[in-house]
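Presented below is the structure to which this report refers.
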Amino acid sequence: VQVLNGNATQLGPKAAHGSRISAAVPVGSSDIHIFFVSESLSLASLTFNGSGWSKVLPDIPEFTSKPDIGFSAVAWSNPLIIRMFYINQVANEWKFEGPSWANTTDTLLKAPGAISGQPVAASRSVNGSGRYEEYFYTTAKGQINYLAKTSINGPSFEVDFATFELPPPKAPLARNDVIAIVFGVIAAVLAVLGLVLTIYLYKKK
């Protein structure tokens, strides 16, 4: 919704509750594209051209089955190219190059070990820079990887970027610990009941 001079105007579809958002500024442009999951679970967007917001890009229908999926966009200008990255069992990608979106998942490596729906990140640079496109994601084993392309028509490749520590799983309670907790709860309940009974008898005197 955009509010100008006290007047509210709905610019596009309503966002689904819990939707994440992603923003992309095309290389060589000052436009801002904001993406979100709509109530119909399509991927919708709004564009700011420096003077106002409007709906410019078409939606990607049936983009996801849940609104809180993580996704990240990168973009270039002249012509406008936008790529949308997310994880759904494997690495997925949609590409916009006017006038519509196309699924280009088959141009990426599959990102083994990635977690479906997880937050992801993306970066982009000019074609020929050697860092044209980079997609970052984490694996279930605590590894941060990225999928990259060095140029617009280059192949996709994967790099192990960094590792991070995962919290150790909580050890199950031992039998003696469970018994101690149960007796502790019983003792606390009996103490409360004893206090209530004492107060009751005192008031009866």
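Cluster annotation: Tyr137 and Val74 are assigned to the same hydrophobic cluster (Ile/Leu/Val/Met/Phe/Trp/Tyr, side-chain heavy-atom contacts under 4.5 Å, transitive). Cluster annotation: Phe48 is connected to Val25 through the hydrophobic network of ILVMFWY side chains, with a link wherever side-chain heavy atoms come within less than 4.5 Å. Tyr135 and Leu109 fall within a single hydrophobic cluster, where Ile, Leu, Val, Met, Phe, Trp and Tyr are joined by side-chain heavy atoms under 4.5 Å apart, directly or via other members. Criterion: ILVMFWY side-chain heavy atoms under 4.5 Å apart, direct or through other members. Under it, Tyr132 and Val120 are part of a common hydrophobic cluster.
Atom CG in Leu57 sits 9.5 Å away from atom CG in Leu46 (nearest 0.5 Å). Here Thr138 contributes atom OG1 and Gln143 contributes atom CD; the two are 10.0 Å apart, rounded to the nearest 0.5 Å. From Ser40, atom OG reaches atom CG of Asp59 across 6.5 Å, with rounding to the nearest 0.5 Å. Taking CD of Glu133 as the start and OG of Ser151 as the end, the distance is 10.0 Å to the nearest 0.5 Å. Interatomic distance, OG of Ser45 versus CD1 of Ile34, reported as 9.5 Å (0.5 Å rounding). Taken to the nearest 0.5 Å, the CG atom of Asn145 stands 8.0 Å off from the CG atom of Leu147.
A heavy-atom distance below 4.5 Å is found between the side chains of Leu80 and Pro26. With contacts defined as side-chain heavy-atom distances shorter than 4.5 Å, the pair Ile152/Trp76 does not qualify. Looking only at side-chain heavy atoms (C-beta outward), Ile69 and Arg20 stay at 4.5 Å or farther from each other. Looking only at side-chain heavy atoms (C-beta outward), Ile32 and Asn49 stay at 4.5 Å or farther from each other. Under the 4.5 Å side-chain criterion, counting only non-hydrogen atoms from C-beta, Ser38 is not in contact with Lys14. Residues Ile87 and Ile115 are not in side-chain contact: their nearest non-hydrogen atoms beyond the backbone lie 4.5 Å or more apart. In this structure, the side chains of Ile82 and His33 come closer than 4.5 Å at one or more pairs of heavy atoms. The shortest distance between side-chain heavy atoms of Met84 and Phe96 does not fall below 4.5 Å.
A donor-acceptor pair shorter than 3.5 Å cannot be found between the side chains of Gln118 and Tyr86. A donor-acceptor contact closer than 3.5 angstrom links the side chains of Asn103 and Thr105. Side-chain contact of Gln89 with Ser116: a donor-acceptor pair under 3.5 Å is absent, judged by distance alone.
Between Phe63 and Phe71, the ring-plane angle classifies as perpendicular under the 30° and 60° cut-offs. Using bins of under 30°, 30° to 60° and over 60° for the plane-to-plane angle, the ring pair Trp101/Phe35 lands in the perpendicular bin.
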Show the numbers, then the answer: is there a salt bridge (charged side-chain N to carboxylate O under 4.0 Å, His left out) between Glu134 and Arg124? CA-CA 6 Å; Glu134 296 173 335; Arg124 84 287 184 268; over 6 Å; no

Pair Ser22-Phe36, side-chain contact (heavy atoms from CB on, under 4.5 Å): steps then yes or no: CA-CA 7 Å; Ser22 177; Phe36 57 93; over 6 Å; no

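Without hydrogens or angle criteria, Ser54 side chain to Val56 main chain gives no donor-acceptor distance under 3.5 Å. For the pair Thr139 (side chain) and Ala114 (backbone), a donor-acceptor distance under 3.5 Å is absent. Looking only at distances, a side-chain donor or acceptor of Ser29 sits under 3.5 Å from a matching main-chain atom of Asp31. At distances below 3.5 Å, not a single donor-acceptor pair connects side-chain atoms of Ser125 with backbone N or O atoms of Ser129. Between the side chain of Ser156 and the backbone N or O of Leu108 there is no donor-acceptor pair closer than 3.5 Å.
When every heavy atom of Phe136 is checked against every heavy atom of Ser123, the shortest pair comes out as CE1-OG, 4.0 Å. Heavy atoms only, all atoms of each residue included: Pro99 and Pro58 are closest at O-CG, 3.7 Å. The shortest heavy-atom contact between Ala24 and Ala75 is CB-CB, 4.1 Å. Residues Ala122 and Ala73 come closest through the heavy atom pair CB-O, 4.5 Å.
Contact check on Glu93 versus Arg83 returns a salt bridge, with a Lys/Arg side-chain nitrogen under 4.0 Å from an Asp/Glu carboxylate oxygen.
For Ile21, the CD1 atom counts as loosely surrounded, since its 6.0 Å shell holds 12 or fewer non-hydrogen atoms of other residues, nucleotides or ligands. Residue-environment remark: NZ (Lys55) exceeds the threshold of 12 foreign heavy atoms within 6.0 Å.
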